[in-house]
Amino acid sequence: MRATVKDVAARAGVSPKTVSNVIHGVVFVRPETRERVERALAELDYVPNLGARGLRNGRYGLIALALPDLSTAYSAELAHHFVEEAHARGWSVQIEETAAEPGRERDLLSRARSHLVDGLVLNPVSLADSVVPVVRGPLPPTVLIGEVVQDRADHVGVDSVLASRDVTEHLLATGRRRIAALGTPPAGVETAAARQRTEGYRAALAVAGVAHDPDLEIPVRHWTTEQAVDATRAHLARHAAPDAFVCFTDSMALGVLSVLWERGLRVPDDVAVAGFDDVAAARYAVPPLTTVAFDLRTYAVAALELLSGRIADPDRPLRQLVHPHRVVVRASTG
């Protein structure tokens, strides 16, 4: 038979309440007591009965986090912070990859409506690729992160228009004028992030009196290092190197650095490069990468606090939070 909390408590010589505190990690337990309980949990091969917990309080202690592409450095770092901060609040996290497929979001919403998860954090890439605006009836507790803004769920995001404008203005302030944007939307495929970051890039050029040059907007369908390498090689095969690249993710900026190196172009002497997200690899690139930074831990905390509030009070007014950003200047822009 499956071991119970009482069995674990008897083995560890503590109360069932202490065992529950260790399992959920919300209440402080002395290290020596925690060690005894964890040893008893392992010896008895204890598995929490989520079904019984859900029947008692209507909650399972499980939330779902859905990101578009789990292969990127940004997604890995963001997921890490969500898991750490959720565990500190007594939640386990189910992580899913939506890959811009509305059907995967729909499955998650169905699970939440069936009370198999307590709430959702979703990161749709565009309004058209999300089921949130069109799903019928009230949403389960849901928070959206990223650039997609809507009026049905709480939301946390960075002002990507302003952030892209800020980093482009930094490049302009260094004297660059022919600035290429890497990651603009391909024809017929538009994500909210690509649209907003392109808008910010164009706005900075317009304010500086720099004429818009469509040849300096380099579309990339999937924001990966590999596709950035291909797009940059193709651009440089047809055009002279620009004064600078503003890349809509750090992962793409790393690809640009690689292509410039293989062509013998010096960064930042010949071409400057800036990114977006400030992932760990940006700090250790050669040269270190100028980028748009925002604190991923506090970003996750803000989303989880909204989700907790929505779970506790499903009818409270919607909240839309803008997370602060800054341009971190490093050697890649001189």
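This is a predicted model, so every value here is computed, not measured.
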For side chain to side chain contact (heavy atoms under 4.5 Å, CB included), just list the numbers for V267 and L257, CA-CA rounded to whole Å, side-chain angles, deciding distance to a tenth of an Å, and then say yes or no.
CA-CA 8 Å; V267 177; L257 289 176; 3.9 Å; yes

So does S71 get a backbone contact from the side chain of S75, meaning a donor-acceptor N/O pair under 3.5 Å?
no

How long is the straight-line distance from OG1 of T174 back to CG of D243, given to the nearest 0.5 Å?
8.5 Å

Answer yes if the side chains of S332 and R330 hold a donor-acceptor pair under 3.5 Å, and no otherwise.
no

Could you tell me the separation between the CZ atom of R195 and the OG atom of S164, rounded to the nearest 0.5 Å?
12.5 Å

Is it the case that one hydrophobic cluster holds both V327 and V161, taking links as side-chain heavy atoms less than 4.5 Å apart, direct or via other members?
no

Point-to-point distance, once rounded to the nearest 0.5 Å, from OH of Y299 to CG of L321:
10.5 Å

Donor-acceptor pair, side chain of T184 and main chain of I218, under 3.5 angstrom:
yes

Considering residues, nucleotides and ligands other than R30, do more than 12 of their heavy atoms fall under 6.0 Å from its CZ?
no

Do V271 and V259 land in one hydrophobic cluster if side-chain heavy atoms of ILVMFWY residues count as linked below 4.5 Å?
yes

If you take all heavy atoms of L304 and I63, which pair is closest and at what distance?
CD2-CD1, 3.6 Å

ILVMFWY network linking V246 to V210, side-chain heavy atoms under 4.5 angstrom
yes

Backbone N/O of D295 and side chain of H323: donor-acceptor pair under 3.5 Å
yes

Between the side chains of D154 and R319, is the shortest nitrogen-to-carboxylate-oxygen separation below 4.0 Å, so that they form an ion pair?
no

Verdict with supporting geometry, L67 and L65, side chain to side chain contact (heavy atoms under 4.5 Å, CB included)
CA-CA 7 Å; L67 300 174; L65 169 66; 4.1 Å; yes

Checking V229 against V256 for the side chain to side chain contact (heavy atoms under 4.5 Å, CB included) test, could you report, in this order, the C-alpha distance in whole Å, the side-chain angles of both residues, the deciding distance, and whether it holds?
CA-CA 6 Å; V229 166; V256 170; over 6 Å; no

Check whether more than 12 heavy atoms from other residues, nucleotides or ligands sit under 6.0 Å from atom CZ of R221, and answer yes or no.
no

Transitively linked via ILVMFWY side-chain contacts under 4.5 Å: L216 with L205?
yes

Side-chain ion pair, D159 and R165, N-O less than 4.0 Å
no

Any donor-acceptor pair under 3.5 Å linking the side-chain atoms of H87 with those of S92?
no

Might you confirm whether atom CD of Q320 has over 12 heavy atoms from other residues, nucleotides or ligands at distances under 6.0 Å?
yes

Nearest-0.5 Å distance that lies between atom CD in E38 and atom CD in E35:
8.0 Å

For the pair T291 (side chain) and A293 (backbone), establish whether a donor and an acceptor sit closer than 3.5 Å, ignoring hydrogens and angles.
no

Distance-only polar pair, side chains of D7 and T4, donor-acceptor under 3.5 Å:
yes

May I ask you to say whether E32 pairs ionically with R36, meaning some side-chain N is under 4.0 Å from a carboxylate O?
no

Would you say T225's side chain and S251's backbone share a donor-acceptor pair under 3.5 angstrom?
yes

Quick check: does any side chain N or O of R310 sit under 3.5 Å from a backbone N or O of P314, one acting as donor and the other as acceptor?
yes

Within-4.5 Å side-chain heavy-atom neighbours: V37 and V29:
no

Without swapping roles, check the side chain of Y201 against the backbone of V167 for a donor-acceptor pair under 3.5 Å.
no

Measuring from atom NE2 of H155 to atom CG of L144, what distance do you get when rounded to the nearest 0.5 angstrom?
6.0 Å

Nearest heavy-atom neighbours spanning A241 and L236:
CA-CD2, 3.7 Å

Strictly below 4.0 Å, N to O, side chains only: are R326 and D166 in salt-bridge contact?
no

Does E262 pair with R233 as a salt bridge, N-O distance under 4.0 Å?
yes

Taking L78 as the starting point, is it possible to reach W223 by hopping between hydrophobic residues whose side chains are less than 4.5 Å apart?
no

Any donor-acceptor N/O pair, R11 side chain to A40 backbone, under 3.5 Å:
no

Distance alone, cut at 3.5 Å: any donor-acceptor contact between the side chains of S160 and R197?
yes

Would a distance-only check, ignoring hydrogens and angles, find a side-chain to backbone donor-acceptor pair under 3.5 Å from D277 to T249?
no

Side chain E147, main chain Q196, donor-acceptor under 3.5 Å:
no

How about W91 and I311: do any of their side-chain heavy atoms sit closer than 4.5 Å?
yes

So, taking the atom named SG in C247 and the one named CG in L182, what distance separates them when rounded to the nearest 0.5 Å?
5.0 Å

Would F248 and V220 count as a side chain to side chain contact (heavy atoms under 4.5 Å, CB included) if you check the C-alpha gap in whole Å, the side-chain angles of each, and the deciding distance to 0.1 Å?
CA-CA 10 Å; F248 291 168; V220 180; over 6 Å; no

Would you say that P268 contacts R176 through its side chain, given a criterion of any heavy-atom pair below 4.5 Å between the two side chains?
yes

Pair D278-R283, salt bridge (charged side-chain N to carboxylate O under 4.0 Å, His left out): steps then yes or no:
CA-CA 7 Å; D278 196 26; R283 291 157 235 165; 3.7 Å; yes

